[in-house]
S.K.: 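Can you read through this structure? Questions will come right after.
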Protein chains: 4
Amino acid sequence: MTTSPPRGRPRSSAADAAILDATRDLLASGGWNALTVEGVAARAGVAKTTVYRRFASRTDLAVAVLDDLLDATRAALDATTDPNVAVRDAIRACAEAYRSPAARGAYLAVIAAADHDPALREAVDARVVDQARRLVMRGLGLLLEQGGTTAVGAAAVIETDLLLDLVAGTLVHRMLVRGQEVDDEFIDQLAAAALAAVRAAGA
Amino acid sequence: MTTSPPRGRPRSSAADAAILDATRDLLASGGWNALTVEGVAARAGVAKTTVYRRFASRTDLAVAVLDDLLDATRAALDATTDPNVAVRDAIRACAEAYRSPAARGAYLAVIAAADHDPALREAVDARVVDQARRLVMRGLGLLLEQGGTTAVGAAAVIETDLLLDLVAGTLVHRMLVRGQEVDDEFIDQLAAAALAAVRAAGA
Amino acid sequence: MTTSPPRGRPRSSAADAAILDATRDLLASGGWNALTVEGVAARAGVAKTTVYRRFASRTDLAVAVLDDLLDATRAALDATTDPNVAVRDAIRACAEAYRSPAARGAYLAVIAAADHDPALREAVDARVVDQARRLVMRGLGLLLEQGGTTAVGAAAVIETDLLLDLVAGTLVHRMLVRGQEVDDEFIDQLAAAALAAVRAAGA
Amino acid sequence: MTTSPPRGRPRSSAADAAILDATRDLLASGGWNALTVEGVAARAGVAKTTVYRRFASRTDLAVAVLDDLLDATRAALDATTDPNVAVRDAIRACAEAYRSPAARGAYLAVIAAADHDPALREAVDARVVDQARRLVMRGLGLLLEQGGTTAVGAAAVIETDLLLDLVAGTLVHRMLVRGQEVDDEFIDQLAAAALAAVRAAGA
DNA sequence: AGGTAAACGAGACGGTACGTCTCGTCTTGCT
DNA sequence: AGCAAGACGAGACGTACCGTCTCGTTTACCT
């Protein structure tokens with residue numbers, strides 16, 4: 001099966017961009033409730049059909065925006081070989097993402113919707129959660145490379161996912177559930193706690 | 001300042017109960033999207049006005065149900081003086097709450113709505129988050145009572161809220177964000193990680 | 001069967017007056033649509049039950065107000081023995097009634113409601129239309145008394161009700177249906193037309 | 001200034017018809033109170049929005065139906081050159097309109113609403129009253145053409161509108177206000193009275 | 001003086017309809 | 001084909017009044 005040769009008028013990439021921008025704006029300014037297909041179309045200066053041709057629902061719109069925002073986050077990471085720095089970087093990157101008003105609005109709404117929608121859950125896991133997982137795994141990987149026997153033992157015991165839940169979950173609870181800011185001190189504390197958990201698991 | 005004497009026909013407590021039940025049912029069966037004021041009124045056998053007289057929005061309904069479910073959770077806790085048991089109990093109680101289909105639907109939706117609504121955020125903090133906070137503080141309190149110098153030192157350093165974010169956040173991420181189940185093994189691991197974090201902070 | 005002696009607290013005549021006043025005001029200011037039992041109660045400073053104890057519907061309220069206003073009109077008539085003056089007086093009295101904003105609002109609404117409500121129709125005929133009929137009959141009576149053979153012949157032919165419809169109907173159409181004012185010239189023209197019709201019928 | 005070319009999906013004329021039919025039916029069966037936008041939509045098998053896209057209120061619906069019914073009446077008139085026949089025809093046509101249950105319900109209700117709504121008053125005058133005016137003017141016109149000096153003199157004095165009020169008002173009062181039927185005898189009497197009034201004015 | 005019966009204010013109750021909003025689908029004509 | 005425009009059936013929104021009901025509180029008359 002080959003890609004069928006494009007027939008008729010090709011899709012407008014300007015519309016693509018306008019739709020995503022409009023979605024981001026609406027999410028940032030009024031949260032999930034403010035995100036309506038009708039509103040997106042109006043703000044993007046595009047017909048409703050043009051939106052529906054690309055996204056089946058506002059949830060899809062939110063996922064697309066979320067994906068977009070997280071991609072930007074990933075690119076901003078420095079390379080490092082120090083596990084402590086890597087962990088701190090991972091935390092900081094996640095925190096950065098949860099600070100974006102658009103992402104805040106989209107994140108929990110998408111998660112909530114995923115509770116009754118297996119396909120969406122899978123998409124979230126692959127495109128949103130996995131982003132955090134990669135960051136955490138980088139830190140854990142460095143820990144394993146450079147650490148001695150203890151760290152290796154830790155790796156045998158602690159599951160990557162626990163560490164993921166620990167780091168990402170703590171940030172989600174702090175920032176999204178409780179609406180608190182995170183500063184460098186908190187990041188240090190969280191990093192210390194995470195490393196302690198790893199070491200404890202290895203003992 | 002005293003409460004003014006009730007005038008006019010008193011509110012029907014039967015309606016109160018029917019509305020909460022209906023809300024719980026709808027949340028459990030279809031999640032946040034299935035929760036409509038109209039649906040609640042119909043299922044509760046009550047007029048829409050009767051719902052609106054008590055709750056200003058479906059968000060309010062969700063908060064009430066959440067509050068209700070968490071109250072039930074609290075009551076189910078055994079008394080203990082062992083900090084390890086207390087921590088495990090706290091985790092188990094939170095996990096239990098996040099397993100309820102009604103609570104799952106309500107929780108993140110309410111959190112998402114709170115992002116653009118300071119009053120709601122406050123309500124969530126006072127009535128939902130605080131429930132978890134109390135559970136965590138009980139464990140930490142026992143730790144302080146029974147622990148030696150190390151634990152006391154820990155108390156001076158670690159903030160209750162970090163521990164709260166660590167425990168509740170990890171569970172939220174595992175169960176709600178990622179949709180995974182938690183078993184006893186996971187609870188043990190999380191408890192160990194939390195204690196390790198406390199000890200590390202005290203060092 | 002005698003009227004049972006009144007037991008319990010007697011009705012408040014202050015409430016009676018307040019309700020009628022409120023009804024009149026609402027009708028005058030916003031017409032039939034503005035007349036709600038709830039609004040009347042609020043404006044009269046009275047509980048809804050107090051209104052419903054006296055009037056079964058807003059239609060009843062309107063009839064009461066109409067009745068009240070027409071009574072006032074009747075009282076204002078001068079005695080005369082000149083048929084021409086009597087006819088002019090009748091027209092003028094009716095016109096006066098249709099000028100009152102409250103009466104305007106009530107009149108057509110009540111008539112409209114009567115179309116599907118025989119009991120109301122009867123009440124309207126007895127309490128509203130009959131008022132105009134009496135005025136017209138007075139003029140016709142004087143005409144008969146003073147007129148010669150021609151007028152007597154007219155009386156045998158023309159029905160009182162035709163004259164009633166002619167006079168009252170013309171005013172209703174001019175003032176209520178078309179919303180025009182009536183001046184003395186119009187009253188003269190209408191009087192002349194009415195008398196011509198009577199004479200023609202007698203010919 | 002030209003009418004802009006129609007864009008988007010054109011309005012469904014089937015819906016137009018269904019809405020008018022439903023309105024007519026509801027008015028005929030239950031009068032003004034039975035006319036609800038919700039009911040019209042349901043009976044027409046149409047969404048509420050589809051009704052609101054065409055009519056801003058149930059008053060508008062009633063006006064449209066009234067307009068429609070009167071148009072039908074106009075078409076049913078025979079051509080004649082006899083002024084007496086023309087006057088009788090005009091009366092008969094008006095009477096016919098006021099016999100329709102749908103028109104009865106709509107007529108006075110619309111008039112009542114117009115009392116506080118200048119725009120509606122104008123619409124009523126242009127679309128409902130004017131229909132009767134045309135009928136009356138036809139009779140008066142023939143009278144002028146065929147009559148001698150007397151009739152011409154009459155035309156100089158009597159206003160068309162007085163004749164309109166006289167004829168239409170008498171019918172309205174007889175049929176709608178008092179709820180009486182009109183037979184041929186009444187029509188003859190009314191025609192005679194109207195002609196007498198014209199002649200009297202010309203004298 | 002005390003009891004009884006009705007009116008009173010307040011306001012909750014089950015309803016109905018309102019007019020608005022957004023949904024996701026479907027024409028229509030233009031590009 | 002894609003696209004802008006906009007009508008369509010559907011259905012929830014939050015509000016306004018409906019007419020009824022339950023309260024606790026007066027206010028009269030009648031023992």
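Order of the sequence lines sets the chain letters (A, B, ...), proteins ahead of strands, with each chain counted from 1.
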S.K.: Could you work out which one of F/dA7, E/dG14, E/dC13 sits closest to the side chain of D/Arg54?
M.R.: F/dA7
S.K.: In whole angstrom, give the distance that lies between atom CZ of B/Arg9 and atom P of E/dG11.
M.R.: 14 Å
S.K.: Could you tell me which residues satisfy side-chain contact (heavy atoms from CB on, under 4.5 Å) with D/Ala103, sequence neighbours excluded, listed by chain and number?
M.R.: D/Leu66, D/Leu69, D/Ser100
S.K.: At what distance, to the nearest 0.5 angstrom, does CG of D/Asn33 lie from CG of D/Leu26?
M.R.: 12.0 Å
S.K.: Establish, with yes or no, whether the OP1 or OP2 oxygen of F/dA5 is under 4.0 angstrom from a side-chain nitrogen or oxygen of D/Arg7.
M.R.: yes
S.K.: Any chance you could measure C/Ser57, atom OG, to C/Asp60, atom CG, to the nearest 0.5 Å?
M.R.: 4.0 Å
S.K.: Strictly by side-chain hydrogen bond (donor to acceptor under 3.5 Å, both in side chains), give each pair with a member in residues 21-30 of chain A just once, sequence neighbours left out.
M.R.: A/Asp21-A/Arg24, A/Arg24-A/Asp68, A/Asp25-A/Arg43
S.K.: Taking side chain as C-beta onward, heavy atoms only, is B/Val128 less than 4.5 Å from B/Ile111?
M.R.: no
S.K.: Test: salt bridge (Lys or Arg N to Asp or Glu O under 4.0 Å). Region: residues 29-38 of chain A. Which pairs qualify, not counting sequence neighbours?
M.R.: A/Glu38-A/Lys48
S.K.: Identify, with sequence neighbours excluded, every residue that meets side-chain contact (heavy atoms from CB on, under 4.5 Å) alongside A/Ala15.
M.R.: A/Ser12, A/Val46, A/Thr50, A/Arg54
S.K.: Any chance you could list the contact pattern along nucleotides 12-19 of chain F? Use B for base contacts, S for sugar-phosphate-only contacts and - for none, protein heavy atoms under 4.0 Å, 5' to 3'.
M.R.: BBBBBBSB
S.K.: Could you work out, with side-chain contact (heavy atoms from CB on, under 4.5 Å) as the rule, every residue matching A/Ala112, not counting sequence neighbours?
M.R.: B/Leu108
S.K.: Taking only heavy atoms on the protein side, list every residue of residues 107-124 of chain C lying under 4.0 Å from any atom of DNA chain E, sorted numerically.
M.R.: none
S.K.: Between atom OG1 of A/Thr36 and atom CZ of A/Arg58, what is the distance when rounded to the nearest 0.5 Å?
M.R.: 8.0 Å
S.K.: Would you give the length of the straight line joining atom CG of B/Leu27 to atom CG of B/Leu61, rounded to the nearest 0.5 angstrom?
M.R.: 8.5 Å
S.K.: Output every pair passing ring pair (Phe, Tyr, Trp, His ring centres under 6.0 Å) with a member in residues 23-42 of chain B, not counting sequence neighbours, ordered by first then second residue.
M.R.: none
S.K.: Taking for each residue the nucleotide of DNA chain E with the nearest heavy atom, is it B/Ala47 or C/Gly8 whose nucleotide lies nearer the 5' end?
M.R.: C/Gly8
S.K.: What residues from residues 10-18 of chain C pass a heavy-atom cutoff of under 4.0 Å to DNA chain E?
M.R.: C/Pro10, C/Arg11, C/Ser12
S.K.: Starting from P on E/dC18, measure out to CG on D/Leu61 and report it in whole angstrom.
M.R.: 10 Å
S.K.: Figure out the CZ/P separation between A/Phe55 and E/dC23, and round it to whole Å.
M.R.: 15 Å
S.K.: Would you mind listing every side-chain hydrogen bond (donor to acceptor under 3.5 Å, both in side chains) that reaches into residues 105-127 of chain B, with sequence neighbours excluded?
M.R.: A/Arg104-B/Asp115, B/Asp67-B/Arg127
S.K.: Which angle, rounded to 10°, do you find between the first-five-pair axis and the last-five-pair axis of the helix from E/dA1-F/dT31 to E/dT31-F/dA1?
M.R.: 10°
S.K.: Can you confirm whether B/Val40 sits close enough to B/Phe55 that some side-chain heavy atom of one is under 4.5 Å from a side-chain heavy atom of the other?
M.R.: no
